[in-house]
There are 2 protein chains.
Amino acid sequence: MEQRNATRLRVLEHIRTKGAVSRIDIASALQTSPATVTAATADLIAAGLIKEIESEAISAPGKRGRPRVLLQLDAKSYIVAGLKVARQGISVILVDFEGSETASYKHPLEKPRMSPSEFVASIRSALDETCAQIGRSAKDLAGVSIGVAGLVDANRNFVYWSSSITERNIDFSNLLSRHVPCPAFMDNDANLVAKAEQLFGLGKGLKTFLVVTVEHGVGLGIVLDGQLYRGKRGCGAEFGHTKVQLDGALCQCGQRGCLEAYVGDYALIREMAVTGQINEAMTVADIHDRAQSGDQRAASVLSRAGQIFGLGVSNLINLFDPECIIVSGTQKSFEHLCTDKVLARIRSGVVNVDAALPEIKVHHWGDLMWAKGAAAYGIEQVSILKVRELIANTP
Amino acid sequence: MEQRNATRLRVLEHIRTKGAVSRIDIASALQTSPATVTAATADLIAAGLIKEIESEAISAPGKRGRPRVLLQLDAKSYIVAGLKVARQGISVILVDFEGSETASYKHPLEKPRMSPSEFVASIRSALDETCAQIGRSAKDLAGVSIGVAGLVDANRNFVYWSSSITERNIDFSNLLSRHVPCPAFMDNDANLVAKAEQLFGLGKGLKTFLVVTVEHGVGLGIVLDGQLYRGKRGCGAEFGHTKVQLDGALCQCGQRGCLEAYVGDYALIREMAVTGQINEAMTVADIHDRAQSGDQRAASVLSRAGQIFGLGVSNLINLFDPECIIVSGTQKSFEHLCTDKVLARIRSGVVNVDAALPEIKVHHWGDLMWAKGAAAYGIEQVSILKVRELIANTP
DNA sequence: GGATAATATTTTACCAGATAAAATAAATAT
DNA sequence: ATATTTATTTTATCTGGTAAAATATTATCC
């Protein structure tokens with residue numbers, strides 16, 4: 001049964017990445033027989049996960065034979081919520097099964113750090129508020145996925161530590177099942193963005209790639225052979241806290257020399273503060289503006305961040321040798337990390353092989369990147385759930 | 001058939017890690033049925049890979065029931081050669097199927113860098129020489145495995161670059177099959193040591209661990225979920241060339257700031273040279289001696305290497321979150337990398353989680369570490385080959 | 001010392017899941 | 001209308017694993 005499950009999911013996954021594809025093409029792409037695909041797609045249709053495209057006669061002009069029937073995700077079948085908890089508030093997005101947004105909402109938070117029960121209560125009310133927008137209730141959701149900054153063991157909804165939560169080592173399974181009326185999943189926010197790149201973004205169809213997220217901190221999601229790699233204790237991929245300098249700059253985490261302490265938003269603002277030219281709420285966008293209008297010090301702050309970032313990325317390539325590295329961020333605020341000089345730094349740090357460097361792709365998401373990431377993970381988890389149910393009910 | 005293959009190999013692998021184990025125990029350990037184990041072990045016995053232990057009645061005293069029959073590797077069934085090509089010469093070891101040494105030999109090399117055909121010819125004569133010691137010929141070997149320093153794509157015996165070879169990007173498949181009269185495999189030397197740790201060493205039974213090799217350079221083998229991770233192009237795990245300092249010390253590879261340029265043998269000797277107190281052929285052991293007899297400068301050279309090494313290891317833990325890190329070397333010449341201060345540095349660089357730090361194990365091998373590593377890989381590849389043959393011949 | 005119980009392994013009958021081959025469906029070309 | 005081509009479904013098998021029954025081998029109990 002586990003085997004069958006996996007086959008169904010593989011077919012579903014392939015339909016998702018291809019968008020619309022015929023049974024024959026699935027069979028040849030997955031190196032399996034048409035009979036198996038017929039069986040699998042029949043099940044997936046029964047579960048409401050996919051559907052046949054109505055518009056008949058897609059037969060290529062001048063091509064004989066029975067035309068292929070295209071299959072695609074059944075977008076309207078399920079609604080999934082993605083949440084990202086940040087200090088300013090909770091971003092929520094509702095998406096259909098294809099990942100298209102149907103509603104979004106920003107829930108304010110009184111305090112950036114909450115107890116576990118406050119945390120779950122906030123999630124619940126953010127969820128209710130958003131569902132109300134489309135005249136639905138949280139009960140109607142097929143799943144909810146929650147992204148938090150910090151160290152999370154996603155397999156057991158266990159949070160070692162998060163900047164949003166006052167207590168350490170909390171198992172959220174019970175709290176969530178009590179207070180959220182649908183299946184709920186948690187993970188580290190960078191992992192979720194990696195999931196989004198894999199399902200909908202620049203990682204579509206790739207097997208082995210890394211997603212680096214840049215914003216306040218620097219995060220990493222590792223996808224190896226199509227799977228998110230999480231490490232033994234569920235707390236790997238802490239790229240932002242790899243050390244780039246012995247006893248270097250002080251980081252938020254309390255340690256010294258972390259990459260994040262040179263590249264994260266707060267690090268840049270801290271540097272600008274040293275120059276004395278800082279006002280209350282300076283942002284990285286402001287630093288960009290200054291640099292562009294000729295401020296040498298601002299330019300130098302950005303440039304050094306880029307060099308350190310490039311060093312870090314070259315280390316990732318040296319260790320993982322991935323197909324591709326995707327740099328993802330919400331705004332245009334990380335342009336300084338994608339310059340030719342940064343690329344040169346990366347190149348000069350990667351061990352020299354006569355094979356092309358892994359492609360480095362840049363993805364500028366909008367504000368909802370993190371929430372969309374959570375939604376992507378939610379869609380994947382719901383798929384797994386539905387397939388499991390389906391087979392459990394097949395006698 | 002592929003599935004059956006995998007089952008056979010899983011059983012064989014379990015027998016190897018346990019040493020001697022009964023069918024029942026295999027079944028429960030691998031979560032499979034006794035019937036399957038009976039079938040698998042029958043096949044493995046037919047292939048000469050395992051055998052039943054003769055000594056009957058191992059029944060525990062006072063325990064009723066039919067006693068278990070223990071199974072173990074059939075040590076005498078196959079001979080495998082492991083080779084390590086270094087600048088001083090080629091180390092060869094012949095092992096039985098359990099990995100026990102039956103002969104070893106050090107083949108001198110006139111020149112440290114050879115053309116591909118010279119390279120293969122040297123391997124052949126080193127092999128012949130060693131086999132002669134036990135009155136055998138290279139034809140009698142079940143497989144030969146060759147380790148080289150450099151960038152190797154093991155899946156296709158392709159060497160991007162190696163310090164032992166004058167040309168780049170050589171596909172050795174044809175050369176090897178023409179000049180070596182038995183199946184031959186190549187890989188990066190650090191990967192091979194990781195294989196040895198997995199099959200015979202401190203990684204026995206572990207799923208996810210890293211092996212750091214220290215000697216002239218610094219190497220890394222990555223084992224994830226029981227498999228060697230090699231990256232997309234087959235050239236990942238270049239730990240020695242991850243950068244620990246922006247525009248830092250010059251490395252053999254021509255780049256700056258590589259970890260190896262602070263930790264490798266040549267880096268220490270270079271540092272000592274700066275102090276002016278160097279003779280022709282100083283070794284790391286000499287530096288240790290001096291440090292122990294109170295030479296502050298020698299102590300400081302070793303201490304800095306340790307700190308940089310610790311920084312690198314903490315980065316590995318932050319990225320991979322493995323079960324365990326094994327530091328492997330040939331001599332006692334890396335004691336300075338295993339001190340309490342180094343451990344403290346590692347600890348101070350790993351992101352703080354309330355879960356135990358991955359265990360850090362130190363493995364002092366003898367001189368033949370690299371060759372034994374190659375042999376381990378050879379044994380694994382021969383196992384795969386034999387199982388494949390077996391099933392191909394089962395009608 | 002034979003009956004009984006306990007435990008390991010093998011055998012047998014069967015099940016699950018994938019597939020080859022045949023059948024069917026749906027189009028174009030003649 | 002008929003033949004041809006291609007896609008999908010159905011059916012009969014094949015593969016690999018497993019539950020249950022059978023068998024093997026021991027200890028323990030009268």
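All figures in this text were calculated on a predicted structure; none of them were measured in a lab. Numbers restart at 1 for each chain; the letters A, B, ... are given by sequence-line order, proteins then strands.
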List the residues meeting ring pair (Phe, Tyr, Trp, His ring centres under 6.0 Å) with B:Y78, not counting sequence neighbours, and say none if there are none. B:F97
Measure CG/B:D43 against C1'/C:dT9 and give the value in whole Å, please. 16 Å
Interface with DNA chain D, restricted to residues 23-40 of chain A and to heavy atoms under 4.0 Å: A:R23, A:I24, A:P34, A:A35, A:T38
Measure CG/B:N5 against P/D:dT15 and give the value in whole Å, please. 14 Å
Mark yes or no for whether A:D153, through its side chain, and A:F158, through its backbone, hold a donor-acceptor pair below 3.5 Å. no
side-chain hydrogen bond (donor to acceptor under 3.5 Å, both in side chains): pairs with one or both residues in residues 9-18 of chain A, sequence neighbours excluded: A:R16-A:S383
If you look only at distance, which donor and acceptor atoms sit under 3.5 Å apart when one is on a side chain in residues 30-37 of chain B and the other is two or more places apart or in another chain?
residue	atom	partner	partner atom	Å
B:S33	OG	B:T36	N	3.3
B:S33	OG	B:T36	OG1	3.0

What is the separation between atom CZ on B:R4 and atom C1' on D:dG17, rounded to the nearest whole Å? 11 Å
Between P of C:dT28 and CZ of A:R68, the distance in whole Å: 15 Å
State which residues pass salt bridge (charged side-chain N to carboxylate O under 4.0 Å, His left out) with A:R136; sequence neighbours excluded, sorted by chain then number. A:D140
Could you tell me which residues satisfy salt bridge (charged side-chain N to carboxylate O under 4.0 Å, His left out) with B:E52, sequence neighbours excluded, listed by chain and number? B:R23
Using modelled atom types only, decide if a donor and an acceptor are shared between the side chain of B:T208 and the backbone of B:L224 within a distance under 3.5 Å. no
For DNA chain D, which residues in residues 7-15 of chain A have a heavy atom at a distance below 4.0 Å? none
Tell me the closest heavy-atom pair linking A:S173 and A:R156, and the distance in Å. OG-O, 3.3 Å
Short side-chain to backbone donor-acceptor contact, B:E323 and A:K232, under 3.5 Å: no
List in chain and number order the residues that pass ring pair (Phe, Tyr, Trp, His ring centres under 6.0 Å) with A:F172, two or more places apart in sequence or in another chain; answer none if no residue qualifies. A:F119
Rounded interatomic separation in angstrom, taking CZ from A:R64 and P from D:dT8: 18 Å
Ring pair (Phe, Tyr, Trp, His ring centres under 6.0 Å) involving B:Y229 - partner list, sequence neighbours excluded: none
Measure CG/A:L70 against C1'/D:dA7 and give the value in whole Å, please. 12 Å
Are the side chain of A:N157 and the backbone of A:M186 linked by a donor-acceptor contact shorter than 3.5 Å? yes
Acceptor/donor pairs from residues 190-200 of chain A side chains to any protein atom, 3.5 angstrom cut, sequence neighbours excluded:
residue	atom	partner	partner atom	Å
A:N191	ND2	A:D187	OD1	3.2
A:K195	NZ	A:Q198	OE1	2.7
A:K195	NZ	A:E380	OE1	3.4
A:K195	NZ	A:E380	OE2	2.6
A:E197	OE1	A:L202	N	2.9
A:E197	OE1	A:H363	ND1	3.0
A:E197	OE2	A:S328	OG	2.6
A:E197	OE2	A:H363	ND1	2.9
A:E197	OE2	A:W365	NE1	2.9
A:Q198	NE2	A:G226	O	2.9

N/O to N/O distances under 3.5 Å, protein versus nucleotides 23-25 of chain C:
residue	atom	partner	partner atom	Å
C:dA25	O4'	A:R66	NH1	3.4

Tabulated below should be each protein N or O lying under 3.5 Å from an N or O of nucleotides 12-14 of chain D; please produce it.
none

